[in-house]
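Presented below is the structure to which this report refers.
The shown structure was predicted, so the numbers you read here are calculated from the model rather than taken from an experiment.
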Amino acid sequence: MNKRRILLAAGGIALVASGIAVAQGPGFYEQLRYRQNDPFVFCTQGPSIEHNEIQSPKCWVPLPPYTGAWTPTFLCRPENYYGVRNWQQADYDSLSQYMTVCPQARNSGSWTSRRGQGAAENTDSKGYNSH
């Protein structure tokens, strides 16, 4: 009887300890290879054509609430047999990173311009307009 109580107590302590470890686990971070490592812009707009991160047109785009959902644009092959171009390595890589990083957000926020800098993609890391 005493062994059973000890085992149950030990199991309970282990369960509580593992729950605490999960609750206090480290945050998620992965260096983004796109959008100058800006997760807000990357998760809401995907990779940039303007900064030569991918070719035009985009083969995929993020979908609201920007936490991992996406859709092909049907402008590229193989989704569209008559598409403008084939998917390139950068398309696959950016989509893979999108599907890894963006679902880590608990929810999707909105962009608020605080210094008159305009759109999120035109703002540098210090909050100033980069254009």
Side-chain angles (χ1 to χ4, degrees):
M1 188 75 162
N2 285 337
K3 285 184 181 181
R4 179 183 271 171
R5 284 185 185 170
I6 292 171
L7 288 175
L8 287 175
I13 291 170
L15 184 60
V16 170
S18 67
I20 291 171
V22 171
Q24 295 178 350
F28 179 86
Y29 177 76
E30 179 176 320
Q31 178 81 27
L32 293 174
R33 294 178 288 281
Y34 304 92
R35 294 291 185 168
Q36 299 175 338
N37 196 32
D38 185 330
F40 180 83
V41 176
F42 178 68
C43 291
T44 56
Q45 299 178 20
S48 172
I49 293 171
E50 293 78 23
H51 294 104
N52 297 318
E53 294 176 342
I54 59 167
Q55 294 177 0
S56 181
K58 289 185 177 184
C59 292
W60 67 274
V61 293
L63 292 176
Y66 310 113
T67 54
W70 64 278
T71 187
T73 61
F74 298 100
L75 297 173
C76 301
R77 296 178 292 271
E79 295 88 7
N80 178 357
Y81 181 78
Y82 299 104
V84 177
R85 67 179 183 86
N86 291 323
W87 279 61
Q88 303 295 318
Q89 179 59 36
D91 298 304
Y92 290 113
D93 180 58
S94 61
L95 179 57
S96 174
Q97 193 161 47
Y98 175 82
M99 292 176 13
T100 301
V101 171
C102 299
Q104 303 301 321
R106 290 187 178 102
N107 56 34
S108 180
S110 60
W111 177 254
T112 303
S113 176
R114 295 185 184 190
R115 297 181 179 154
Q117 72 272 28
E121 65 271 19
N122 297 331
T123 306
D124 66 16
S125 62
K126 294 182 177 150
Y128 294 102
N129 191 323
S130 60
H131 289 269

How about P78 and W87: do any of their side-chain heavy atoms sit closer than 4.5 Å?
yes
Are any non-hydrogen side-chain atoms of N80 and L75 less than 4.5 angstrom apart? no
Is a side-chain N or O of Q88 found less than 3.5 angstrom from the main chain of N86, in a donor-acceptor match?
yes
Next on the checklist: Please say yes or no: joined through hydrophobic side-chain contacts below 4.5 Å, possibly via intermediate residues, are V101 and Y92 part of one cluster?
Outcome noted: yes
Q.
A quick test of your reading: do over 12 heavy atoms of other residues, nucleotides or ligands sit less than 6.0 Å from OH of Y82?
A. no
Next item on the list: Could you check if a side-chain atom of S48 sits within less than 4.5 angstrom of a side-chain atom of R35, using non-hydrogen atoms only?
Entry: yes
Flag side-chain contact, heavy atom, 4.5 Å: C59 against R85: yes
What one should report as the nearest heavy-atom pair of I54 and A90 is CG2-CB, 3.9 Å
Measuring only between side-chain heavy atoms, which start at C-beta, is L32 closer than 4.5 Å to D38? no
Exercise. Backbone N or O of Q45 within a donor-acceptor pair of the K58 side chain at under 3.5 Å?
Worked result: yes
With distance as the sole test, does Q97 use its side chain to make a donor-acceptor pair with the main-chain N or O of R33 at under 3.5 Å? yes
Value for CG (D93) from OH (Y34), rounded to nearest 0.5 Å, stands at 3.5 Å
State yes or no: are the ring centers of Y98 and W70 separated by less than 6.0 Å? no
Compare all side-chain heavy atoms of C76 with those of W60 and state whether any distance is below 4.5 angstrom.
no
Separation between CD (E53) and CZ (F42), nearest 0.5 Å, reads 8.5 Å
For C43 and P62 the tightest heavy-atom approach is O-CB, 3.4 Å
Q) Does T44 use its side chain to pair, donor to acceptor, with the backbone of F40 at less than 3.5 Å? A) yes
In this structure, CD of E79 is separated from OG1 of T73 (nearest 0.5 Å) by 7.0 Å
- Message: With no hydrogens and no angle check, just 3.5 Å: does a side-chain donor-acceptor pair link Q31 and Y29?
- Response: yes
Nearest heavy-atom contact between C102 and G68 is CB-N, 4.1 Å
